[in-house]
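The structure under discussion appears below in the form of C-alpha cells.
Labels below follow one simple rule: chain letters A, B, ... track the order of the sequence lines, proteins then strands, and each chain is numbered from 1. Just the heavy atoms: all of them, side chains too, but no hydrogens, waters or symmetry mates, feed the values below.
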Number of protein chains: 2
Amino acid sequence: MPDTHTLGFMMDRIRALLTVIEEGSVNRAAVRLRISQPALSRQMQALENELGGKLLERETSGVKPTALGHALVRSMRPLVADYKAAVAELRRQARGERSELRVGYLISAAQSVLTPALARLRESHPEVKLKLHDLSPREQIDGLRAGELDVALIGQEGAVAASEFYSARLGSLGVCVAVAEGGELATRPKIALKDLKGCDFIGIDEEQMPGRNQWMSALCKTAGFKPRFSVVVDGITNVLSLVASENAVTLLPAYFQEFKHPGVTFVPVPDARAKWDFTVLWQRGKVPASTRALVQELKEAAARFA
Amino acid sequence: MPDTHTLGFMMDRIRALLTVIEEGSVNRAAVRLRISQPALSRQMQALENELGGKLLERETSGVKPTALGHALVRSMRPLVADYKAAVAELRRQARGERSELRVGYLISAAQSVLTPALARLRESHPEVKLKLHDLSPREQIDGLRAGELDVALIGQEGAVAASEFYSARLGSLGVCVAVAEGGELATRPKIALKDLKGCDFIGIDEEQMPGRNQWMSALCKTAGFKPRFSVVVDGITNVLSLVASENAVTLLPAYFQEFKHPGVTFVPVPDARAKWDFTVLWQRGKVPASTRALVQELKEAAARFA
DNA sequence: CAAGGGTATGCGTATCCGGCATAACCGCAA
DNA sequence: TTGCGGTTATGCCGGATACGCATACCCTTG
C-alpha cells in the first residue's frame, strides 16, 4: 500500500475540514466546497481514519471540532495558506511576471555599465524589486544553474556557460598586461602580445574564473606563441602578488589599469585582437519582462559607454 | 471544474517532482515512488500544465530542473517537510502521546493543590513539558473549548462546563462572606447564611465568572431566601470595592480570608451546605497519559490537603 | 547502424470518488 | 405521542481518471 494516499489526498481532506470547522456544519461547508454533503461527510471519516482519532464532535445542530480537530486547524491553516501563496507565486513566475530580479555581477568589472542601466530600469520599471549579488564569475554561473540568479553580468568567463543560458555580448574592452614594477617591461607605454613570448605567465584557478586561462592562451596564439603558465593560483590578488614577486606577467581586462597593486604595473596591449568581451547571461525559457528590460538597458548603456 | 484538483493533486505531483529533481531522473524517481515511469512522466506533464510553465529540462541523460523548477523546490520543499511533521505530530496526538501539557489555573485559588501535584508529576513523568497559564475561569473554559488547554483547574464555575468535558471534583472549601469593615456584620466571628437575608449582594459579571451568581443564589436558597443583586460588575477587585463603598455583601470561597482588601472584612460562613467545590476539567476523547497522570496527582494532592 | 540509455504515448482496465436517494438521529412543537 | 425540520451517515451506482503494460521515439555511444 503506497503511502501516496497519505499526502495529497489528506491535503484535500484537511482543506475540507478547515472549511467544515469554519462553517460549523458539514452541510454548509459542502455547498461552499461545491460538493454534496454525503461526499464531504465521507471525506471527514476518511481523514479521521488516516489520523487515527476523532476530529469532529457530531451534534444535532452541526459539528464542533474536538481538541484534535483544533490542533489540526492550528498546525494546518498556516500551511495551507503558505501553500496557496506559493502556488500563486509560481503561477505568476511561470507567466513571466517576476517582480523580483536577482542580478549577479562583479563590482569591479560591471560598475561602469551596470550602474546607469539600473538607474534607467528604476525609472522605466519602478515595480521591479532588485536583488544585487556581488559574486565571482564562478559563483554567478553556479547561481544561474541553481536558479538563484536571473541575470549574470560576467566577463570572458561567460563563454563557457553561454550554451546553457541566453546571452548577449555587451561590448569589448581592451586588454592590459600586469608586469612587475621593477622590470624592463614596466617602463614601456604599451606592450604588444608578441613581446610576451617567453615570459612566465601566472594562471588563475579554473574553479573561480572558468575559461580565463584559455582566454589568455587564445590571445597568445593570435600572436603566434603558447604561454607557459608557471603557477596557477586562486584569487586575483594572489595572481598579482605573484606577478610582482616572480617577475611574471598575466593578461587582464583593461579596467584593471584603474586599480593599483603594490609592485605591479598595468600596461595596455595595443593588439587589435586583444579584446575582453563583456557578456550578460540570463535564464532560458520564458523570459520575464523585467529580465528583458534589464538586458535591454544594459545593451544601451554599454553602447553609450563605448 | 472545481479547483479541488488544484490542491491535493498538485501536492502529490509536487512531492513527486521533488524526488524527480533529487534523483535527476524520472526513471529512478519512479522506482523510489513505487509507480511506473510512464505514470510519473505524465504526472510531471500535468504539473507543468497546472502551473503553466516548464519545470524540467528533458535531456538524453535524465532531467534537470529549469529556473521555475528550482523556484518550486525552494518554495515547496520546506512546506512539504512542515506538512509531514505536522501530520506526524497529529498522529502522535491522536494516539494520546502528547508530550506537552497545557494547564490553566487561577493562581490564588489553585496554588495550594496545584503546586504539590506538579512537583510529583515532575518526578513521575519527567518527560512531560508543562505550559502553565494563569487565567480567569472564563478564559480557562474558552481555552478548553478552543483546544488551547488540556487541563483546567477551576472553582464552582466548572459546573457550567462540566458536561462539555471530563471533570472531577477535587475537594470542597468553606465559604466566607465579604462585608464592609465599618458595619455591624464585620464584628462577628462568623455569619450564618440566613443572617444575610435582606442584604444587598454584589454580583459578578457572568462573562468572567460564569455560574458564580447562580452559585450564590443556590446557597442563599438553602437558607430560605433569594439574594438581591444590587449591582453586577466585572472583576473581583471591583466587587470588593463595591462591598466597601455600598455597604453590601458577597459570597466567596474561603481562601479569600487570607487576602486583604481595603475596607472589606472576610467572615467565615459556618453552614454545613456552604461549600465551594474545586474542580479539574480536561478534554474529552482519547485522554493522553500525561493528562491522566496530572489528574491523578491532583486528586491525591487534594485528598492530602483536606 | 545497431545497442542501450533516457522520456513520451496509446490503450484497456480497475479503482475510487462523488451524487442521488434514503436512513438514522435529535430537538421541538402541536 | 406524532409529526416536522434540521442535522449527519449509509447503500448503491455510474463515470472520470490515473495507473500499468507495451511500445514508440530520441539521443549518445560503441
Over how many whole Å does the gap from [X] atom [atom1] to [N] atom [atom2] extend?
X       : N      : atom1 : atom2 : answer
B:Leu33 : D:dC19 : CG    : P     : 11 Å
A:Gln43 : C:dG19 : CD    : C1'   : 13 Å
A:Phe9  : C:dG18 : CZ    : C1'   : 13 Å
B:Asp12 : D:dC19 : CG    : C1'   : 13 Å
A:Glu57 : C:dC26 : CD    : C1'   : 15 Å

Would a distance-only check, ignoring hydrogens and angles, find a side-chain to backbone donor-acceptor pair under 3.5 Å from [X] to [Y]?
X        : Y        : value
B:Ser75  : B:Ala71  : yes
A:Gln283 : A:Leu149 : yes
B:Glu48  : B:Leu56  : yes

Return the nearest nucleotide to the side chain of B:Arg42; candidates are C:dG19, C:dT9, C:dC17. C:dT9
For the side chain of B:Gln45, starting at C-beta, report the closest nucleotide among D:dG20, C:dT9, C:dC20. C:dT9
Can you pull every protein N or O that's under 3.5 Å from an N or O on nucleotides 4-8 of chain D?
residue, atom, partner, partner atom, Å
D:dT7, O4', A:Thr60, O, 3.4
D:dT8, OP1, A:Val26, N, 2.6
D:dT8, OP2, A:Asn27, N, 3.1
D:dT8, OP2, A:Asn27, ND2, 3.1

Students often mix this up, so state it plainly: with edges at 30° and 60°, are the rings of A:Trp215 and A:Trp276 parallel, tilted or perpendicular? perpendicular
